[in-house]
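Comments concern the structure below.
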Amino acid sequence: MKTFYFPIILASLLIISACSQEEGASSIDDITAQSWADIEAESEGTEVRLYMWGGDEGINQYIDEWLQPQLEDEYGVELERIPMETEEILQKLQTEQQAGKQEGTIDIIWLNGENFKTAKDNDLLAGSFVDVLPNFNEYYQTDDPAFSTDFGTDVNGMEAPWGKVQFVFHYDSEKVEQPPSSFAELKQWILENPGEFTYPNAEDFTGNAFLRHLLYEQTEQPSDIYSEPFEADEVNEKAEGMWTYLNEIEHDLWRSGDHYPNSLTELDRLYGEGEVSMTMGYNEARAEKLIDEGTFPDSTKSFVMEPGSIGNTHFLSIPFNSTNKEGALTAINYMLSPEAQLSKLKQDYWGENTPISYEKLPDSMREEFEKVERGDSVLDQQELEESFLPESEADYVEWIEDQWFDEIVQK
């Protein structure tokens, strides 16, 4: 009897085990094969954990005070925001991947650029999902190159566009009568106003972007950088003028260049306290909230310089071991909705520009977007569009981090 039933029992256990493994996998392909109504139904009553950088209070308030209640009311989805640096999020996912942990604690990640490349290259993401999002298909130009590549890396539908920003400089108009229009003019202003300008170090996202602008300026045209694959030898040659420029202004920077701010937050504090006369950053409208809070002076204005202003799209993605992919899809779809994007555009919380297509909106909703007052410190939309420059490949970011330390800090 035992010898007769043993193979049957063993076979049954193997079948049960295989079924359990398949059920535990929760592949994004299986989930997105369902109808959207079924996906939303599965997400009702669940918790979605959004891991994201938490260094901006206005952004945090948008999530906590506007988005969370809306998702709860509309879909019965409880959104929990967990603040964490993006690099730490990816390290957490890599650790879980190496440990074979298929049930993670992260459902949505906010990322772009080199972080997306790292996540994609290391198989930390669930896979392609954007094409099934109703709001993406209805209100976005789905074939926009800004959505299909991220710092030169093919997106392949693995992240959804949440917002777009452009890099601008902010200045105190009571201290700076006429802001510089080029890096040559900026250099002259720094020499004439020692100690009133600095930039974050190259490991900071904003500081690295400042340096990428300067790298673009060294070429005949910026596309010599952003449209070309990264080649260290070629970039080294193009960057010689950049290192010369930075070394020539260093002595006249804040604290004579002995210390570079470790973050944009530190640079903003120096600006708000009047120690420097300029700051900078992505999001052309970010100063408005800081002015209202009294962190920045009322006289704050913004400007861009030649050769232009680097802009990018930032995205939302789902990690490989999310245990609530249905909830993540529902939340992301709502975060792309006209209602959520309109609220994000207003200065009440965030004031960030939107990747949504105005021409695809209903007339009444388009009017709502068009009448939003972004604030006196925000440049005219036409000027921003005319100055727009795409991001370069993510490899440039890491290269600048390493080379800046060798060329500037150690010299």
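No experiment lies behind these values; they were computed from the predicted model shown.
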Salt-bridge criterion met for [X] and [Y] (N-O under 4.0 Å):
{"X": "D268", "Y": "R286", "result": "yes"}
{"X": "R374", "Y": "E284", "result": "yes"}
{"X": "K289", "Y": "D292", "result": "no"}
{"X": "R269", "Y": "E273", "result": "yes"}
{"X": "K92", "Y": "E96", "result": "yes"}

Examine F205 together with W53 and report whether their ring centres are nearer than 6.0 Å. no
So, F116 versus F315, ring centres under 6.0 angstrom or not? no
How close do [X] and [Y] get, counting heavy atoms only, and between which atoms?
{"X": "P261", "Y": "Y199", "value": "CD-O, 3.3 Å"}
{"X": "F210", "Y": "M280", "value": "CB-SD, 3.8 Å"}
{"X": "S343", "Y": "Y349", "value": "OG-CD1, 4.4 Å"}

Of [options], which meets side-chain contact (heavy atoms from CB on, under 4.5 Å) against [X]?
{"X": "I109", "options": "L93, I318, L50", "answer": "L93"}
{"X": "Y51", "options": "I108, T105, T86", "answer": "T105"}
{"X": "M52", "options": "I59, L111, L316", "answer": "I59"}

So do L345 and N353 actually touch side chain to side chain, heavy atoms under 4.5 Å? yes
For the side chain of [X] and the backbone of [Y], is there at least one donor-acceptor N/O pair under 3.5 Å apart?
{"X": "Y396", "Y": "E391", "value": "no"}
{"X": "Q166", "Y": "L384", "value": "yes"}
{"X": "Q218", "Y": "A239", "value": "no"}
{"X": "Q341", "Y": "T354", "value": "no"}
{"X": "T46", "Y": "V77", "value": "no"}

Is the Y271 ring parallel, tilted or perpendicular to the F296 ring (thresholds 30°, 60°)? perpendicular
Among W350, Y140, F136, Y334, whose ring pair (Phe, Tyr, Trp, His ring centres under 6.0 Å) with W162 holds? W350
Are I291 and H170 close enough, and set up right, to give a side-chain contact (heavy atoms from CB on, under 4.5 Å), and what steps lead you there? CA-CA 11 Å; I291 292 169; H170 299 288; over 6 Å; no
Might you confirm whether atom [atom1] of [X] has over 12 heavy atoms from other residues, nucleotides or ligands at distances under 6.0 Å?
{"X": "H251", "atom1": "NE2", "answer": "no"}
{"X": "E373", "atom1": "CD", "answer": "no"}
{"X": "E177", "atom1": "CD", "answer": "no"}

